*Asks:* 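Let me give you the structure first, and then I'll get to my questions.
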Amino acid sequence: MAIVFDRFDVFAGGLGITFQLCLLSAAGALLIGTVVAVLRLSPLAPLRAAGTAYVTVFRNIPLTVIFFFAAFGLPELGSGADFLRIPGLDAVFPRLGLDLPYFRFAIIALSVYTGAFVCEALRSGVNAVAPGQAEAARAIGLTFAQNLRFVILPQAWRFAVVPVGTVIIAMLKNSALAGFFGVIGDLSSAADTLTSQEGLPVIPVFAGISIGYLVLTVPLGILLDRVEHRRAAQQ
Amino acid sequence: MSTLYDVPGPRARRRATVLSGLVALVLLAAGYLLIYRPLAAQGQFTAAKWGSLVDPSNPNFVLLWKRLGVGLRNTVAAAGLAVVASLLLGTGLAVLRTRLRAQRQRRYPRLGATLAPVARGLTVLLDWLARAGVETIRGLPVVIAIFFVARSLPQFGLPLGDLAYIVIGLTVYNGVVIGEILRSGMMGLPRAQREAALALGLTEAQTIRLVLLPQAFRVMLPALVSQVVVVLKDTSIGGVVVGYDELLKVASLAVQVLHNPIQLLAVVAAMYLVLNYSLSRLATYLRDRVSARRAR
């Protein structure tokens, strides 16, 4: 087990990169998920169809395929995902500004995939609001937009916190694929470098990497359990 | 979501039709300008890129589709094996955890005042260990599970091959998930089911096997089918991490020769989509049937 302490910098650095990747991807996924959820709730059929198509496609193809698209398809189209080199933000997350695009590709793949699941989680929150609320809002003459903004969404996000959190936990775990698609120095690529290039014994490395992921997933899971229990107790 | 807006009257309906038409036009125009045009400008719709996939007279056509067929078969084989193994492991785990939970109620009166607390402490410890193990494995990425199975088994003198590594890696993770699904299915049953079975004189093991587990399987069937979709998608990790010859791996090897990543990946994505969408529909259908039976 001494390896975990000897190479603590590698594990901690991997945790840091994975955390940055997940933070940015979570932001992207929430953004995409919200837009798609609004599309799916809209009264206009073509917008609903577009939202449904997005969710159906990205929930049913493997994340690995999307990573492939990002890592091989985007360069083929001559894109280095440079729109993610957001000035100011790349000072906080130096990886965003690198000439090597794989960190940005990983963010795109994770956001696009997770966005579909976020949309469904948000929608389940909207569906959980008692129907009488929307009906009452309509009865006092609120329009669709007012209804959403003042009545439904403020209540829906409370119901959606736990499902969205579950989706984000799944995304934290899915981010392990990034190390196999060109992202250097995150937890999963650290696992590869330490075992294959440096030839360190597998079990201690595995333990260190596992602890890295558990540090991210377990506290979030416990937090969500708390929220869920409190919600259940309130009702 | 009909509760969000009123049932449209004739004027609102007319307005909605016009707006829908406009929006559809805008979406189509955006699709054409932002997706089709740039792709066409880069020559992504030429015969050179699509020929090997759609043109039977292309020299690569037959070989490519034969290889994709092999990949699909390997994907389905890995997923099928992993699902069966996960169901077995999951059932075992669900039974184990349900029994440990029931065991915690026992007071062991025959063991006497000194041994009884020891026995109780032991069951509590085992229960806690099982729970900690389940939570740990659920908190780890499947990618890491498969990766370390593939790296560690050869070191322990078990070079089982790529298929075995993927199946074991997927089974460890999904077995635990399915175990939790079944356990929550058993816990969700009315308490009277268990009490009535015990009152009839069935043992704890018989109660689980004959009364609780069959009902849990039926109630949780939709969730189990959804988990099959997850397994099927996760087999593609095997191609990347271990190098197993599944659908996506086949495609990525072909890309190196044919240089058409976008076209090949689109076809592969469509194959996954058809397969998984059918399974998702099946899960929805089963869910509706289960809830209809509940309502009756």
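Residue numbers start from 1 in every chain, and the chains themselves are labelled A, B, ... in the order their sequence lines are given, proteins ahead of strands. Here the structure is a predicted model, which means the values were calculated and not measured.
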*Asks:* For A:N60 and B:N276, work out which heavy atoms get closest and say how close.
*Replies:* O-ND2, 2.7 Å

*Asks:* Which region of A:I209, side chain (C-beta onward) or backbone (N, CA, C, O), has a non-hydrogen atom less than 4.5 Å from a non-hydrogen atom of chain B, or is it both or neither?
*Replies:* side chain

*Asks:* Which bit of A:D192 is near chain B, if near means a heavy-atom gap under 4.5 Å: side chain, backbone, both or neither?
*Replies:* both

*Asks:* Measuring heavy-atom distances to chain B, does A:A176 have an atom under 4.5 Å in its side chain, in its backbone, in both, or in neither?
*Replies:* both

*Asks:* Taking all atoms of both residues into account, what is the closest heavy-atom pair of B:H259 and A:E76, and its distance?
*Replies:* O-OE2, 4.2 Å

*Asks:* So which part of A:R59 gets closer than 4.5 Å to some heavy atom of chain B, the side chain, the backbone, both or neither?
*Replies:* backbone

*Asks:* Under 4.5 Å heavy-atom distance to chain B, tell me which part of A:V218 shows up: side chain, backbone, both or neither.
*Replies:* neither

*Asks:* What part of B:F147 gets closer than 4.5 Å to chain A, counting heavy atoms only: side chain, backbone, both or neither?
*Replies:* side chain

*Asks:* Tell me, out of A:F72, A:F144, A:F180, who's got the most heavy-atom pairs with chain B below 4.5 Å.
*Replies:* A:F180

*Asks:* Should we say atom CZ of B:F45 is surrounded by more than 12 heavy atoms from elsewhere, each under 6.0 Å from it?
*Replies:* yes

*Asks:* For B:L140 and A:F206, what are the C-alpha separation, side-chain angles and deciding distance, and is it a side-chain contact (heavy atoms from CB on, under 4.5 Å)?
*Replies:* CA-CA 11 Å; B:L140 286 180; A:F206 176 57; 4.2 Å; yes

*Asks:* Could you tell me which portion of B:L232 (side chain, backbone, both or neither) has an atom closer than 4.5 angstrom to a non-hydrogen atom of chain A?
*Replies:* neither

*Asks:* With a 4.5 angstrom heavy-atom cut-off, which part of A:L142 approaches chain B: side chain, backbone, both or neither?
*Replies:* neither

*Asks:* Please classify the contact of A:F181 with chain B as side chain, backbone, both or neither, using a heavy-atom distance under 4.5 Å.
*Replies:* side chain

*Asks:* Please lay out, stage by stage, how A:I203 and B:F156 fare under the test side-chain contact (heavy atoms from CB on, under 4.5 Å).
*Replies:* CA-CA 11 Å; A:I203 299 293; B:F156 296 126; 4.0 Å; yes

*Asks:* Taking side chain as everything from C-beta outward and backbone as N, CA, C, O, which of these in B:T17 sits under 4.5 Å from a heavy atom of chain A? Side chain, backbone, both or neither.
*Replies:* neither

*Asks:* So, does A:K173 use its side chain to make a donor-acceptor pair with the main chain of B:R138 at under 3.5 Å?
*Replies:* yes

*Asks:* Could you look at B:S152 and say if it's the side chain, the backbone, both or neither that has a heavy atom under 4.5 Å from chain A?
*Replies:* both

*Asks:* Do B:L248 and A:F68 pass the side-chain contact (heavy atoms from CB on, under 4.5 Å) test, and can you show the C-alpha distance, the side-chain angles, and the key distance before you say yes or no?
*Replies:* CA-CA 9 Å; B:L248 189 58; A:F68 253 103; 3.6 Å; yes

*Asks:* Do other residues, nucleotides or ligands put more than 12 heavy atoms under 6.0 Å from B:L19 CG?
*Replies:* yes

*Asks:* For A:L177, which atoms come within 4.5 Å of any heavy atom of chain B: side chain, backbone, both, or neither?
*Replies:* both

*Asks:* Relative to chain B, which of A:L77, A:L220, A:V57, A:V65 shows the most heavy atom pairs under 4.5 Å?
*Replies:* A:L77

*Asks:* Relative to chain A, which segment of B:L27 carries a heavy atom at a distance below 4.5 Å: side chain, backbone, both, or neither?
*Replies:* side chain

*Asks:* So for B:P261, is it side chain, backbone, both, or neither that comes closer than 4.5 Å to the heavy atoms of chain A?
*Replies:* side chain

*Asks:* How close do B:S20 and A:L44 get, heavy atom to heavy atom, and via which atoms?
*Replies:* OG-CD2, 3.7 Å

*Asks:* To the nearest 0.5 Å, what is the distance between CD1 on A:I61 and CG on B:L275?
*Replies:* 13.0 Å

*Asks:* Pick from B:I237, B:V241, B:D234, B:V142: which one has the most heavy-atom pairs with chain A under 4.5 Å?
*Replies:* B:V241

*Asks:* Is it the backbone or the side chain of A:S196 that comes under 4.5 Å from a heavy atom of chain B, or both, or neither?
*Replies:* both

*Asks:* Report the C-alpha distance between A:T64 and B:K249 in whole Å, list the side-chain angles of each, state the deciding distance to 0.1 Å, and finish with yes or no for side-chain contact (heavy atoms from CB on, under 4.5 Å).
*Replies:* CA-CA 10 Å; A:T64 330; B:K249 178 77 185 175; over 6 Å; no

*Asks:* Should we count OH of A:Y102 as having more than 12 external heavy atoms under 6.0 Å?
*Replies:* no

*Asks:* Tell me, out of A:P43, A:A170, A:A45, who's got the most heavy-atom pairs with chain B below 4.5 Å.
*Replies:* A:P43

*Asks:* Mind listing the closest non-hydrogen atom pair of A:S188 and B:I144 along with its distance?
*Replies:* CB-CD1, 4.1 Å

